[in-house]
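Here is the structure we will look at.
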Amino acid sequence: DMEEDGGGWMLLYSYNRNTSTSFRPLDGLNLPTSPTDGYSHWHLGDALGYTNADNVLDVRFYCWTSVHSRVVHFKTSNQHIRQVAVTGSHGTGNFAANWTTGWTALSNHSANLPASATSSSNYGAFYDNPFYSANAYWSISSSFVSCDDFTWLGNSSHQVWVRLPVPPTLSPTVDSPTSSASGPTTKPKKSPGNKRKQPLKDNWFRKRDVARQNAFPQKYSWLRKQAKQENTNDAV
């Protein structure tokens, strides 16, 4: 979603139900692809390998139901809630105060929640009553669906979004021939200056061996073959 509150939102939860799908099991293994037709959820640790709340700027909650006209739509940057978006677990740190303070109403918000929340659950990440009051629940569980009320009747839509930091712009780099990075490298062409030069001492021994080969051709035939091979290598 690139429009709401400046954009940059990624959809984590999307559950759209009618009376025939109210008790359908949740799908916690796939990222949803549509806010209006989706029926799945995932968390950032599974989706992107994130490990902490620093990878999240805000978490956004939205729901509506055909039972009444109120709409839940708000965002929060609460540390605990951002961490749940990453790990999918509350641990033991979910409290009503995480939801009733530090939140910002977004377009069309008219519900009692989250301001009226008096209780919270440490189970089920964002789907099993993470915040609620006596008569108003947020619930997406397979046994109880509610949006700012206490009923599982009617059609409904629940969405959870996250806003992530803008990734840094990476400048293109050019690999040098000696770089260890993967990718093709250019091998310099041989030039006359690259040709191997024999030290003077090696030349002296070579001349000596040639003289011995001429004097004793059969005895030093192996030296002749070696010298021929070395001359061939030097010419490459």
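Position 1 is the first residue of the sequence; numbering continues from there. All heavy atoms count here, side chains included; hydrogens, waters and symmetry mates do not.
- Shown here is Asn112, whose CG atom has more than 12 heavy atoms of other residues, nucleotides or ligands within 6.0 Å.
- A donor-acceptor pair under 3.5 Å is absent between the side-chain atoms of Asn129 and the main chain of Ile140, judged by distance alone.
- For the pair Pro32 and Tyr13, the minimum side-chain heavy-atom distance is 4.5 Å or more.
- Between the side chains of His109 and Arg70, no donor-acceptor pair of N or O atoms lies under 3.5 Å.
- The shortest side-chain heavy-atom distance between Leu26 and Tyr127 falls under the 4.5 Å cut-off.
- In this structure, the side chain of Ser14 engages the main chain of Ser34 through a donor-acceptor pair within 3.5 Å.
- Listed for the Ser40 side chain is no donor-acceptor partner under 3.5 Å among the backbone atoms of Asp27.
- With Tyr15 as the partner, the side chain to side chain donor-acceptor pair (under 3.5 Å) test is satisfied by one option alone out of His41, His158, Gln159: His41.
- Of all the heavy atoms in Thr51 and Gln83, the pair that sits closest is O-NE2, 3.4 Å.
- Scanning both residues, Leu31 and Leu12, for their nearest heavy atoms gives CD2-CD2, 3.9 Å.
- Following chains of ILVMFWY side-chain contacts shorter than 4.5 Å, one cannot reach Tyr123 starting from Phe126, and the two form parts of different hydrophobic clusters.
- Here the straight-line distance linking atom CG of Asn78 with atom CG of Asn98 works out to 4.5 Å at 0.5 Å rounding.
- Interatomic distance, Asp46 CG to Leu29 CG, rounded to the nearest 0.5 Å: 8.5 Å.
- Within the 4.5 Å cutoff, the side chain of Val56 has heavy atoms near those of the Val86 side chain.
- Considering every non-hydrogen atom in both Lys75 and Trp9, the closest pair reads CB-CH2, 4.2 Å.
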Checklist entry - What's the verdict on side chain to side chain contact (heavy atoms under 4.5 Å, CB included) for Thr65 and Asp149, showing C-alpha distance, side-chain angles and the deciding distance? => result CA-CA 9 Å; Thr65 175; Asp149 57 14; 3.9 Å; yes
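- Taking CZ of Arg82 as the start and OG1 of Thr76 as the end, the distance is 8.5 Å to the nearest 0.5 Å.
- For an aromatic pair to be called close, the ring centres must be under 6.0 Å apart, and Phe95 with Phe131 fails this.
- One hydrophobic cluster, built from ILVMFWY side chains closer than 4.5 Å, holds both Val160 and Leu48.
- Heavy-atom minimum distance, Val71 versus Asn108: CB-O, 3.4 Å.
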Checklist entry - Which is it for Tyr132 and Thr118 under the side chain to side chain contact (heavy atoms under 4.5 Å, CB included) test, yes or no, and what are the steps along the way? => result CA-CA 6 Å; Tyr132 62 95; Thr118 56; 5.8 Å; no
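- In this structure, Arg24 is positioned above the aromatic face of Tyr39, its NZ or CZ under 6.0 Å from the six-membered ring centre and within 45° of the axis.
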Item to check | Intermediate values then yes/no, side chain to side chain contact (heavy atoms under 4.5 Å, CB included), Leu44 and Val162 | outcome: CA-CA 9 Å; Leu44 292 173; Val162 291; 4.2 Å; yes
Next on the checklist: Test side chain to side chain contact (heavy atoms under 4.5 Å, CB included) on Arg60 and Arg163; report intermediate values, then the result.
Outcome noted: CA-CA 8 Å; Arg60 170 181 154 206; Arg163 180 151 54 191; over 6 Å; no
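- Side-chain atoms of Asn16 come within 3.5 Å of backbone N or O of Pro35 as a donor-acceptor pair.
- Note: Trp138 and Phe61 have perpendicular aromatic rings, judged against thresholds of 30 and 60 degrees for the angle between ring planes.
- Atom CG of Asn52 and atom OG1 of Thr87 lie 10.5 Å apart (nearest 0.5 Å).
- Although no hydrogens or angles enter the test, the distance criterion places a donor-acceptor pair under 3.5 Å between the side chain of His68 and the main chain of Cys147.
- Shown here for His90 and Val84, the closest heavy-atom pair between the two residues is ND1-CG2, 3.5 Å.
- Residues Tyr62 and Tyr137 do not share a hydrophobic cluster, defined by chaining ILVMFWY side chains whose heavy atoms lie under 4.5 Å apart.
- Between Leu164 and Met10, the closest side-chain pair of non-hydrogen atoms falls below 4.5 Å.
- In the hydrophobic clustering of this structure, Val145 does not group with Trp64; members are Ile, Leu, Val, Met, Phe, Trp, Tyr whose side-chain heavy atoms approach within less than 4.5 Å, directly or through other members.
- Under a hydrophobic-cluster definition in which Ile, Leu, Val, Met, Phe, Trp and Tyr are linked whenever side-chain heavy atoms come within less than 4.5 Å, directly or via other members, Leu106 and Val72 are assigned to different clusters.
- Here the straight-line distance linking atom CD of Glu4 with atom CH2 of Trp161 works out to 9.5 Å at 0.5 Å rounding.
- Between Ser119 and Ala96, the shortest heavy-atom distance links the atoms N-CB, 3.9 Å.
- Looking only at distances, a side-chain donor or acceptor of Asp148 sits under 3.5 Å from a matching main-chain atom of Leu113.
- A side-chain donor from one of Asn94 and Trp99 sits under 3.5 Å from a side-chain acceptor of the other.
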